[in-house]
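Residues take their numbers from the sequence shown, with the count starting at 1. All heavy atoms count here, side chains included; hydrogens, waters and symmetry mates do not.
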Amino acid sequence: MTLVSSLPGRPRVSRARRSHSRVPLMIGGAIGAASIAAVAYLLWPTWHVQTAGDPDRTPVTIGDTLFNVPTKAFRVKYQRRSGPQERVDLAFLYPSLLPPERATHKTAEEIAEFQPIDRLFVSIAAHQDTLAPETRLRTIYPRYLAPVAPQTADGLTLRPFLEGSPYANEDLFTAEQPELSARCTRDLQTPGMCLSEMRIEGADLTFRFPRQWLTQWQSVAGAIARLAAQLHVRG
């Protein structure tokens, strides 16, 4: 009689049982995929890339004095940066004192026509221990004033400088209330221009404007005072 020996083998798993065992795995995978999709949706950035423009104001230090300058007011491109500088040159619309918009292209005919100046120009520079504007007004200018009676109108006093002096063809305007001092060229081939100076800590501010504005000198004096206060950052 022949004996048939059989080795023990793996139990045979039915196809139905294998199918049932895959269901939990599929459900778990589906739940995991849904969770990942939800997290990705919540974390996905909703912003769009935009071109970054200049900030509205640029802090600059001149003569160890901090100024907060409207970025559009810079007249010289390489000065349009924050940090220490020896000098900056600025322009503001008058009387709004807003920085001007970018210049538009003009035709030759428009350039040939007389364009009234509507801007107040400002330069800020380290004074390097030079005479303060107030000292120059009190001790230097009187040496070169013509020996004539001063002319006063509406609170503004005019005194001409001597011919042949360093300030020939200029006049000195002063007022006390509101305070204003300006050295102005006379109207000749070109309209006269005025310079008014003040010192703030380690920097001198020079304001340049048309002489014709002095017909409303109180408004000019007020604009200069407001602009200086807006630019200077007090500690």
d(Thr206 OG1, Ile124 CD1) to nearest 0.5 Å is 9.5 Å
In this structure, OG1 of Thr65 is separated from CZ of Arg234 (nearest 0.5 Å) by 11.5 Å
Greater than 12 external heavy atoms within 6.0 Å of Gln216's CD: no
Should Val88 and Ser123 count as side-chain neighbours, where that means a heavy-atom distance under 4.5 Å? no
Pro70 versus Pro99, closest heavy-atom pair with distance: CB-CG, 4.1 Å
Can you confirm whether Arg119 sits close enough to Leu93 that some side-chain heavy atom of one is under 4.5 Å from a side-chain heavy atom of the other? yes
What distance separates Leu66 CG from Ile200 CD1, expressed to the nearest 0.5 Å? 11.5 Å
For Met193 versus Pro210, what's the shortest heavy-atom pair and its separation? SD-CA, 3.7 Å
Salt bridge (charged side-chain N to carboxylate O under 4.0 Å, His left out) partners of Arg57, counting only residues at least two apart: none
Minimum side-chain heavy-atom gap Phe92-Leu227 below 4.5 Å: yes
Who passes side-chain hydrogen bond (donor to acceptor under 3.5 Å, both in side chains) against Ser219, sequence neighbours left out? none
Side chain to side chain donor-acceptor pair (under 3.5 Å) for Thr174 and Thr157? Distances and angles first, verdict last. CA-CA 5 Å; Thr174 57; Thr157 299; 4.6 Å; no
Smallest heavy-atom separation, Pro133 atom then Arg199 atom, equals CD-CB, 3.9 Å
Can you see which heavy atom on Ala175 is nearest to which on Leu156, and at what distance? CB-CD1, 4.0 Å
Side-chain donor-acceptor pair present, Gln230, Asn68, cut-off under 3.5 Å: no
Pairwise distance CG(Leu137) to CG(Leu172) - rounded to 0.5 angstrom: 6.0 Å
Taking only residues two or more places apart in sequence, or in another chain, which ones meet Thr58 in a side-chain hydrogen bond (donor to acceptor under 3.5 Å, both in side chains)? Thr71
Any link between Phe74 and Ile62 through a network of hydrophobic side chains (Ile, Leu, Val, Met, Phe, Trp, Tyr) touching at under 4.5 Å? yes
Pairs of donor and acceptor atoms involving the side chains of residues 176-183, under 3.5 Å and at least two apart or interchain, shall be tabulated with distances.
unit_1: Arg183; atom_1: NE; unit_2: Glu170; atom_2: OE1; d: 2.6
unit_1: Arg183; atom_1: NH1; unit_2: Tyr141; atom_2: OH; d: 2.9

Within one Ile-Leu-Val-Met-Phe-Trp-Tyr cluster: Phe121 and Leu97, side-chain cutoff 4.5 Å: no
For Phe67, enumerate each residue passing the ring pair (Phe, Tyr, Trp, His ring centres under 6.0 Å) test, keeping only those at least two apart in sequence or located in another chain. His232
Restricting to side-chain contact (heavy atoms from CB on, under 4.5 Å), what partner residues turn up for Ala125, sequence neighbours left out? Arg87
Rounded distance [0.5 Å steps], CG in Leu205 versus CD1 in Ile224: 10.0 Å
Here the ring-ring contact (aromatic ring centres under 6.0 Å, His included) pairs for residues 200-226, sequence neighbours left out, are Tyr94-Trp213
Sequence neighbours excluded, the answer for side-chain contact (heavy atoms from CB on, under 4.5 Å) partners of Arg81 is Gln85
Please report the interatomic distance SG(Cys184) to CD(Gln212), rounded to the nearest 0.5 Å. 11.5 Å
Using the side-chain contact (heavy atoms from CB on, under 4.5 Å) criterion, which residues pair with Leu131? Sequence neighbours excluded. Thr135, Arg136, Ile140
Scan the side chains in residues 142-151 for donor-acceptor partners under 3.5 Å anywhere in the protein, sequence neighbours excluded, and list what turns up.
unit_1: Arg143; atom_1: NE; unit_2: Thr139; atom_2: O; d: 3.2

Qualifying residues under salt bridge (charged side-chain N to carboxylate O under 4.0 Å, His left out), relative to Arg208, sequence neighbours excluded: none
Is Met198 reachable from Val220 through a run of hydrophobic residues whose side-chain heavy atoms are each under 4.5 Å from the next? yes
Is the closest side-chain heavy-atom distance between Pro59 and Ser82 below 4.5 Å? yes
Who pairs with Asp171 by salt bridge (charged side-chain N to carboxylate O under 4.0 Å, His left out), at least two apart in sequence or on another chain? Arg186, Arg211
Does a donor on one side chain sit under 3.5 Å from an acceptor on the other, for Gln128 and Glu86? yes
Donor-acceptor pair, Ser165 side chain versus Glu163 backbone, under 3.5 Å? no
